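Computed from a predicted model, the values in this text were never measured in an experiment.
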Amino acid sequence: MKIAAGTTVGALQAGLPLEPLENRILLCHALGLTRVGLITNAERSVSAEEAAQLAALVERRLAGEPIAYIVGQREFYGLPFRVSPAVLIPRPDTELIVELSLERLAPRARMLDMGTGSGAIAVAVAHTRPDAQVTALDLSDEALAVARANAAANGAKVRFLRSDWFGALEGDTFDLIASNPPYIASGDEHLVQGDLRFEPSGALTDFADGLSALRTIVQGAPMHLEGGGWLLLEHGYDQAAAVRALLAQAGYTDVQSWQDLSGIERVSGGRRA
């Protein structure tokens, strides 16, 4: 689309072909303004360079690219997180596993975040509980670079490891393990819809039945969990019963599921006997 130089900020806020919130986000990003600045600069005219930059951002959004990738950031647990196409976009649903982890971490406890991606879970926990000893792992070097940057930007102390699940842990043990692993089944129609089209497929799907990564974590975690330690797993909207069954079959106790803000069983977990 074309945006004319000289158009006012107020006119752009009302006239861009996006949802009002997305209009505001892209305007703030392109013009270097805060939300308050959009109001106080409503009569300001944009330059030709600003108009071209804004038009390019709007075109990207109209093509379906997620807002978070366009502006390079998403808020999670009240903290700013850098995001890129190398990592999943942190979602509010995942804040549930952060809350559950914080409730179960004793002072100076050791926690592991498996498949950390942007570092959202690990950084949120470490920022909230600086006494905790938080380790996070991922197989992707690109994801780990993003996660390290997010830890540094938010003043969170996290140890990062490049690891294919438990491969690099050796004899390390933890009081709690949390993970938001790939859990969408191969061929699921959601993978070609909305924001998921732009996110890294290896972080979304296990290229199998949606449960293979969850099985690996459930089976391997006891070797790295202290007795009574919790394993918490985020999963799909229809997988709670299957994940509880995996946990029960592997001998975990206190197996249960927790609902997200939409009332969907989003996290399941249990304790090492």
Side-chain angles (χ1 to χ4, degrees), residues 76-77 87-105 111-118 120-122 124-125 135-139 163-167 169 173-191 196 199-273:
F76 177 82
Y77 212 73
V87 299
L88 293 184
I89 299 167
R91 289 167 168 79
D93 292 344
T94 300
E95 294 186 359
L96 173 61
I97 202 170
V98 174
E99 294 284 1
L100 293 169
S101 297
L102 290 170
E103 290 171 4
R104 286 159 178 76
L105 282 175
M111 173 183 167
L112 173 65
D113 173 23
M114 303 191 71
T116 195
S118 67
I121 295 171
V125 170
T135 298
L137 60 81
D138 204 290
L139 185 59
S163 182
D164 185 4
W165 300 126
F166 299 99
L169 290 177
T173 59
F174 304 90
D175 301 295
L176 184 146
I177 297 176
S179 183
N180 177 17
Y183 54 70
I184 301 178
S186 178
D188 189 297
E189 61 181 12
H190 294 93
L191 293 170
L196 299 192
E199 297 185 83
S201 59
L204 291 166
T205 177
D206 60 358
F207 304 102
D209 65 352
L211 293 170
S212 63
L214 290 158
R215 288 190 194 95
T216 296
I217 296 169
V218 167
Q219 292 166 4
M223 293 181 60
H224 300 279
L225 266 177
E226 294 290 342
W230 280 92
L231 173 62
L232 300 173
L233 300 166
E234 181 171 330
H235 49 68
Y237 70 96
D238 59 351
Q239 294 176 319
V243 175
R244 288 196 301 270
L246 290 174
L247 290 162
Q249 290 163 9
Y252 291 81
T253 64
D254 297 329
V255 173
Q256 58 194 290
S257 298
W258 295 268
Q259 296 181 349
D260 61 21
L261 294 175
S262 300
I264 295 170
E265 290 183 318
R266 181 62 62 185
V267 174
S268 295
R271 303 175 71 180
R272 181 188 169 191

Enquirer: Is the shortest side-chain heavy-atom distance between Leu88 and Ser118 below 4.5 Å?
Expert: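 They are not in side-chain contact.
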Enquirer: State, with a plain yes or no, whether a side-chain heavy atom of Leu169 is found less than 4.5 Å away from one of Leu112.
Expert: yes
Enquirer: If every non-hydrogen atom of Ser268 is compared with every non-hydrogen atom of Trp258, which pair is closest and at what distance?
Expert: C-CZ3, 3.8 Å
Enquirer: Which distance, rounded to the nearest 0.5 Å, do you find between the CG of Asp113 and the OG1 of Thr135?
Expert: 10.0 Å
Enquirer: Indicate the atoms forming the closest heavy-atom contact of Ala221 with Leu231, along with that distance.
Expert: CB-CD2, 4.0 Å
Enquirer: Rounded to the nearest 0.5 Å, what separates atom CG in Leu233 from atom CZ in Arg244?
Expert: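 One gets 12.5 Å once the value is rounded to the nearest 0.5 Å.
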Enquirer: Parallel under 30°, tilted from 30 to 60°, perpendicular over 60°: which one fits the rings of Tyr237 and His190?
Expert: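 Aromatic pair Tyr237/His190 classed perpendicular.
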Enquirer: For a 4.5 angstrom cut-off between non-hydrogen side-chain atoms, does Phe207 reach Ser212?
Expert: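 Heavy-atom side-chain distance check fails, nothing below 4.5 Å.
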Enquirer: Roughly how far, to the nearest 0.5 Å, is CG of Asp138 from CE of Met114?
Expert: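 Rounded to the nearest 0.5 Å, the CE-CG separation comes out at 10.0 Å.
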Enquirer: Just so I know, are the side chains of Leu196 and Ile184 near enough to count as touching, which here means a heavy-atom distance under 4.5 Å?
Expert: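 Result yes, sub-4.5 Å side-chain heavy-atom pair found.
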Enquirer: Quick check: closest heavy atoms across Val218 and Ala250, and the distance to 0.1 Å?
Expert: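 For Val218 and Ala250, the tightest heavy-atom pair comes out as CG1-CB, 3.7 Å.
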Enquirer: So which heavy atom on Leu211 is nearest to which on Gln239, and how close?
Expert: CD2-NE2, 3.9 Å
Enquirer: As an exercise, state the distance from OG1 of Thr94 to CD1 of Ile121, rounded to the nearest 0.5 Å.
Expert: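 So the OG1 of Thr94 and the CD1 of Ile121 are separated by 6.0 Å.
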Enquirer: Within the 4.5 Å heavy-atom criterion, are Val125 and Leu102 side-chain neighbours or not?
Expert: yes
Enquirer: How close do Val87 and Pro200 get, counting heavy atoms only, and between which atoms?
Expert: O-CD, 3.7 Å
Enquirer: If you compare all heavy atoms of Ile217 against all heavy atoms of Tyr252, which two are closest, and at what distance to 0.1 Å?
Expert: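 Looking at all heavy atoms of both residues, the closest pair is O-OH, 4.3 Å.
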Enquirer: Hey, is Arg215 close enough to Asp206 for a salt bridge, meaning N to O under 4.0 Å?
Expert: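 Looking at Asp206 together with Arg215, the answer is no, because their closest N to O distance does not fall below 4.0 Å.
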Enquirer: Which value, rounded to the nearest 0.5 Å, describes the distance between Leu96 atom CG and Arg266 atom CZ?
Expert: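 Answer rounded to 0.5 Å: 9.0 Å.
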Enquirer: Would you check, one step at a time, whether the test side-chain contact (heavy atoms from CB on, under 4.5 Å) holds for Ser201 with Leu191?
Expert: CA-CA 8 Å; Ser201 59; Leu191 293 170; 6.0 Å; no
Enquirer: Indicate yes or no: at least one non-hydrogen side-chain atom of His224 is less than 4.5 angstrom from one of Phe166.
Expert: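 Side-chain contact under 4.5 Å: yes.
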Enquirer: Is the shortest side-chain heavy-atom distance between Glu95 and Phe76 below 4.5 Å?
Expert: yes
Enquirer: With a 4.5 Å heavy-atom cut-off, do Pro182 and Thr205 have their side chains touching?
Expert: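 With C-beta onward as the side chain, the pair stays apart.
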Enquirer: Check for a donor-acceptor pair, side chain of Arg272 on one end and backbone N or O of Leu225 on the other, with a separation under 3.5 Å.
Expert: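 Confirmed, Arg272 side chain pairs with Leu225 backbone.
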Enquirer: OG1/Thr253 to CZ/Arg271 distance, rounded to the nearest 0.5 angstrom?
Expert: 6.0 Å
